[in-house]
Amino acid sequence: MPELPEVETTRRGLLPLVKGHRIQTVMAHETRMRWPFEPRWIPSLQGQTILDIRRRAKYLLMPLTQGELLIHLGMSGSLRCVQPDSPRRKHDHLEFRLDNGLVMRFHDPRRFGCVLWQAPGEDPPALLDRLGPEPLSEAFCGQHLFQLSRGRKQAVKAFIMDQTTVVGVGNIYASESLFLAGIHPARAAGRISRKRYDLLAEHIRQTLRRAIESGGSTLRDFLGGNGEPGYFQQTLLVYGREGQTCTRCGNTLVSRTIGQRASVYCAACQH
DNA sequence: CCCGATTCCTGTAGGC
DNA sequence: TGCCTACAGGAATCGG
């Protein structure tokens, strides 16, 4: 599933293929998504140049000559540039033909993602309003987590997966980071020390950085590549390893639902 | 405000 | 082999 590292990898892979290129035609085969793609945007989009690709949280932002495209990959979405003769796959919902001959395709089987156009002068979608700091920025640190969590009874895992706390931490990275920091995922966020939050923040950063590095190696080929996730899975320590042994102490990893999400952890190593 | 529960959707895995 | 169900997950929104 596209988490922050995969979104960032997508951004880096696509940038040299689309930057400075004009959108010649747009085709919408399926518009029902988390928020619908409006076909009336098509005439406005055609003829515009993609000036850049930026990322905020798990959103890709593409400033155009006029306005901006805002794309979220949800949990099954992907965005690729392919040769125009490559067959359209099931769930390739949107196609953008570029003036360099490539076609940028938005693919999303579960349709939890979205592609929105913000017209010039229009208020940006409220989707970006309440986002917390980027985990790889200076603004994100143990101090931030500590301050924000005081008095909160919410499980720390749900707390760090909340996008208003910090963006980009999904179930995988929350699970891995908590294991590395030795913190039990169900512990009340407000009852964790500053020192432990310093450690947790560092592990969140490190886990995301490493995943971005791994993602870069398997999602490299945006022209013909497979674009499928799986790159980081060999290195996972707890996520998806319920019933297997803890790499640190050898005990059996357990799974419990915390904040409506399956949470795997080591009861011996995490307190 | 806080927080748990619900909702959207389809591919995949597991049970029988 | 095939059918059926449960589950996965990002994040907005609802309800207590």
Side-chain angles (χ1 to χ4, degrees), chain A residues 1-11 29-37 55-61 70-79 89-94 106-116 123-135 145 147-178 185-192 204 208 211 215 226-233 236 238-244 254-265:
Chain A
M1 64 253 33
E3 305 257 349
L4 186 146
E6 198 168 349
V7 175
E8 177 60 22
T9 303
T10 297
R11 188 189 73 79
H29 306 283
E30 172 61 82
T31 60
R32 295 170 299 170
M33 301 170 204
R34 183 65 177 85
W35 284 276
F37 176 88
R55 182 187 59 74
R56 173 68 175 111
K58 296 175 192 170
Y59 292 92
L60 290 169
L61 309 173
L70 181 121
I71 299 167
H72 197 290
L73 301 178
M75 69 155 295
S76 61
S78 62
L79 196 61
R89 297 174 301 166
K90 192 178 181 185
H91 305 302
D92 278 345
H93 304 318
L94 303 172
F106 178 76
H107 175 91
D108 188 8
R110 295 180 200 179
R111 291 192 271 121
F112 281 12
C114 64
V115 176
L116 300 173
D123 284 337
L127 301 172
L128 304 179
D129 284 355
R130 295 174 61 243
L131 295 176
E134 288 289 327
L145 292 176
Q147 273 184 353
L148 198 58
S149 63
R150 290 311 88 184
R152 306 274 294 266
K153 291 176 179 165
Q154 188 181 30
V156 62
K157 179 156 176 280
F159 173 68
I160 61 171
M161 286 174 67
D162 182 336
Q163 55 146 14
T164 64
T165 303
V166 57
V167 301
V169 182
N171 200 13
I172 296 176
Y173 300 112
S175 304
E176 297 297 298
S177 305
L178 287 166
R187 172 171 285 270
R191 300 194 55 236
I192 292 173
I204 288 173
L208 290 171
N226 57 29
E228 298 304 319
Y231 51 85
F232 197 61
Q233 276 161 18
L236 293 178
V238 289
Y239 180 85
R241 296 193 63 240
E242 177 190 5
Q244 299 180 41
V254 295
S255 179
R256 218 182 101 184
T257 299
I258 297 168
Q260 291 76 244
R261 289 279 174 269
S263 305
V264 184
Y265 60 95

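Order of the sequence lines fixes the chain letters, A, B, ..., with proteins taken first and strands second; residue numbering starts at 1 for each chain.
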| task | Given side chain to side chain contact (heavy atoms under 4.5 Å, CB included), test A:Val254 with A:Tyr265 step by step and report yes or no. | result | CA-CA 6 Å; A:Val254 295; A:Tyr265 60 95; 3.6 Å; yes
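- When the side-chain nitrogen and oxygen atoms of A:His91 are compared with OP1 and OP2 of B:dG11, one or more of them lie within a distance under 4.0 Å.
- Comparing atom distances between the A:Arg152 side chain and each of B:dG11, C:dG10, B:dC3 picks out B:dC3 as nearest.
- Considering only the side chain of A:Gln260, B:dA5 comes nearest among B:dT10, C:dG10, B:dA5.
- Residue contacts for A:Arg32: at a heavy-atom cut-off of 4.0 Å it reaches no nucleic acid atom on any strand shown.
- Here C:dA11 presents its C1' atom at 14 Å from CG of A:Leu73, a figure rounded to the nearest Å.
- Closest approach to the A:Asn171 side chain among B:dG11, B:dC2, C:dG10 is made by C:dG10 (side chain taken as heavy atoms from C-beta onward).
- Look at A:Lys90 and you won't find any side-chain N or O under 4.0 angstrom from OP1 or OP2 of B:dT10.
- Residue A:Arg89 contributes atom CZ, which lies 15 Å from atom C1' of B:dT10 at whole-angstrom precision.
- One N or O donor and one acceptor, one from the side chain of A:Arg261 and one from the base of C:dG10, sit under 3.5 Å apart.
- As a whole-Å value, the separation of A:Asp108 CG from B:dG11 C1' is 12 Å.
- Considering every non-hydrogen atom in both A:Leu70 and A:Leu61, the closest pair reads CD1-CD2, 3.3 Å.
- Nearest nucleotide to the A:Leu127 side chain, out of C:dA11, C:dA12, B:dG11: C:dA12.
- Between A:Phe159 and A:Ser149, the closest side-chain pair of non-hydrogen atoms falls below 4.5 Å.
- Between the CG atom of A:Leu116 and the C1' atom of C:dA11 there is a distance of 14 Å, given to the nearest Å.
- If you check distances only, the side chain of A:Arg110 does reach the base of C:dA8 with a donor-acceptor pair under 3.5 Å.
- Spacing between atom CG of A:Asp129 and atom C1' of C:dA11 amounts to 14 Å, rounded to whole angstrom units.
- Residue contacts for A:Phe159: at a heavy-atom cut-off of 4.0 Å it reaches no nucleic acid atom on any strand shown.
- Atom-to-atom, CZ of A:Arg130 to P of C:dG10 comes out at 18 Å; the value is rounded to the nearest Å.
- Position along DNA chain C of the nearest nucleotide to A:Gly168 versus A:Ala262 favours A:Ala262 as the more 5'-ward residue.
- Place A:Arg34 and A:Ala155 on DNA chain B by their nearest nucleotides, and A:Ala155 ends up nearer the 5' end.
- If you check every strand for non-hydrogen atoms under 4.0 Å, A:Gln154 touches sugar and phosphate atoms only.
- Here A:Phe112 does not count as stacked on C:dA11, because the ring centres are not under 5.5 angstrom apart with planes under 30°.
- Relative orientation of the A:Phe106 and A:His93 rings is tilted, given thresholds of 30° and 60° on the angle between their planes.
- No hydrogens or angles were tested; on distance alone, nothing pairs the side chain of A:Gln163 with the base of C:dA11 as donor and acceptor under 3.5 Å.
- The number of heavy atoms from other shown groups lying within 6.0 Å of CZ (A:Arg150) is above 12.
- The nearest whole Å value for the distance from the CE atom in A:Met75 to the P atom in C:dA8 is 11 Å.
- Among C:dA12, C:dG10, B:dT10, the nucleotide with an atom closest to any side-chain atom of A:Trp35 is C:dA12.
- One can place NE2 of A:His107 at 10 Å from C1' of B:dG11, the figure rounded to the nearest angstrom.
- None of A:Lys157, A:Arg256, A:Glu242 except one satisfies the side chain to side chain donor-acceptor pair (under 3.5 Å) rule with A:Ser263; the exception is A:Lys157.
- Each of B:dT10, B:dT6, C:dG10 was ranked by its minimum atom distance to the side chain of A:Met161; first place goes to C:dG10.
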